[in-house]
Amino acid sequence: MTPNSDSGWDLSVDNRNGQLTLVVEVKSKLNASPEWAARLRRNMLAHGTFSKAPYFLMVFPDRFYLWTDADVRLDQSEPTYIIDAQPILHRYFEQAEVKADQISGQSLELIVASWLGEIIHSEKSPEDINESQQWLIDSGLYAALAGGKFYHKAVA
């Protein structure tokens, strides 16, 4: 199967079978409402230039929005999961000596890529996952990503 590095998204993840499973859009905007994120997602998908996947994750420094069955629902539906990003991103921000309101989109993208890499290559069983990331288990995303491969958007 052809790698999905040209999917158009900031990041994308193929499952262990090489099928596009997760697309990720990263924005440095703070306090983005679920409604705002849903409108942005709908607008992006409406153009039809982006590959679609079962999971769609929109990442902001303070919140993650996850849509499941994202390849089916192209409407302006609100996210399936709204996640507080602070418990997930805090240690990365500390290591980079940056605060959520100071981070650039490109730096946040690198942090999210590191976080996804940890999930993809994790040997932890679902029972050992931090409570702040229980949504990964509940949504099925943790199992879908295990052993997969992620791609960054090609930068010209």
Side-chain angles (χ1 to χ4, degrees), residues 3-15 20-120 122 129-142 144-145 148-156:
N4 292 310
S5 60
D6 62 348
S7 69
W9 300 106
D10 292 333
L11 301 165
S12 59
V13 181
D14 289 352
N15 66 16
L20 182 62
T21 300
L22 170 69
V23 294
V24 183
E25 192 62 21
V26 179
K27 301 291 181 197
S28 59
K29 176 181 175 57
L30 288 171
N31 301 313
S33 70
E35 298 81 16
W36 187 90
R39 278 193 308 274
L40 177 61
R41 175 183 166 271
R42 184 193 53 80
N43 290 342
M44 295 173 86
L45 293 172
H47 295 293
T49 56
F50 294 99
S51 301
K52 294 173 184 69
Y55 293 94
F56 182 105
L57 181 65
M58 194 170 292
V59 173
F60 299 93
D62 56 346
R63 227 171 240 107
F64 290 1
Y65 295 113
L66 177 69
W67 285 262
T68 58
D69 296 324
D71 59 343
V72 177
R73 296 176 25 221
L74 303 179
D75 59 357
Q76 193 171 313
S77 60
E78 293 212 6
T80 313
Y81 293 88
I82 299 172
I83 302 103
D84 179 5
Q86 195 279 334
I88 298 165
L89 300 179
H90 177 74
R91 72 179 170 100
Y92 297 100
F93 288 165
E94 275 190 345
Q95 290 171 352
E97 297 180 355
V98 68
K99 294 181 182 176
D101 62 348
Q102 300 170 323
I103 194 146
S104 70
Q106 191 172 29
S107 295
L108 183 57
E109 191 174 310
L110 291 172
I111 286 172
V112 173
S114 294
W115 171 72
L116 283 172
E118 289 178 14
I119 294 168
I120 290 167
S122 178
I129 299 303
N130 184 297
E131 187 178 307
S132 69
Q133 297 191 55
Q134 184 62 40
W135 60 276
L136 285 166
I137 308 302
D138 296 343
S139 67
L141 186 56
Y142 187 81
L145 297 181
K149 182 172 183 174
F150 78 91
Y151 301 91
H152 279 97
K153 175 171 60 176
V155 179

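Throughout, numbering of the chain's residues begins at 1 and tracks the sequence. For the numbers below, each heavy atom of this structure counts, side chains included, while hydrogens, waters and symmetry mates do not.
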Just so I know, are the side chains of Ile103 and Leu89 near enough to count as touching, which here means a heavy-atom distance under 4.5 Å?
no
Side chain of Trp9, backbone of Leu22: donor and acceptor closer than 3.5 Å?
no
Tell me every residue that passes salt bridge (charged side-chain N to carboxylate O under 4.0 Å, His left out) with Arg91, counting only those two or more places apart in sequence or in another chain.
Glu118
Who passes side-chain hydrogen bond (donor to acceptor under 3.5 Å, both in side chains) against Asp138, sequence neighbours left out?
Gln134
Tell me every residue that passes salt bridge (charged side-chain N to carboxylate O under 4.0 Å, His left out) with Lys27, counting only those two or more places apart in sequence or in another chain.
Glu25
Which residues pass the ring-ring contact (aromatic ring centres under 6.0 Å, His included) test with Phe64, not counting sequence neighbours?
Trp115
Listed by chain and number, what are the side-chain hydrogen bond (donor to acceptor under 3.5 Å, both in side chains) partners of Ser139, not counting sequence neighbours?
none
Decide yes or no for Val112 and Tyr92: does some side-chain heavy atom of the first lie under 4.5 Å from some side-chain heavy atom of the second?
no
Using side-chain heavy atoms (C-beta onward) and a distance below 4.5 Å, is Tyr142 in contact with Gln133?
no
State which residues pass ring-ring contact (aromatic ring centres under 6.0 Å, His included) with Phe150; sequence neighbours excluded, sorted by chain then number.
His152
side-chain contact (heavy atoms from CB on, under 4.5 Å) partners for Ser132, two or more places apart
Pro87, Ile88, Asn130
Please list all pairs passing the salt bridge (charged side-chain N to carboxylate O under 4.0 Å, His left out) test where one or both residues lie in residues 92-101, with sequence neighbours left out.
none
Enter the distance from Leu66:CG to Leu141:CG here, rounded to the nearest 0.5 Å.
6.0 Å
Among residues at least two apart in sequence or on other chains, which ones pass side-chain contact (heavy atoms from CB on, under 4.5 Å) with Pro34?
Tyr65, Glu78, Pro79, Ile82
Considering all heavy atoms of both residues, which atom of Gly140 and which atom of Tyr55 are nearest to each other, and what is their separation?
C-OH, 3.3 Å
For Ser33, give me all partners under side-chain hydrogen bond (donor to acceptor under 3.5 Å, both in side chains), at least two apart in sequence or on another chain.
Glu35
For side-chain contact (heavy atoms from CB on, under 4.5 Å), just list the numbers for Leu108 and Phe60, CA-CA rounded to whole Å, side-chain angles, deciding distance to a tenth of an Å, and then say yes or no.
CA-CA 8 Å; Leu108 183 57; Phe60 299 93; 5.7 Å; no
Set of side-chain contact (heavy atoms from CB on, under 4.5 Å) partners for Ala96, sequence neighbours left out:
Val98
Keeping Thr21 on the side-chain end and Ala144 on the backbone end, is there a donor-acceptor pair under 3.5 Å?
no
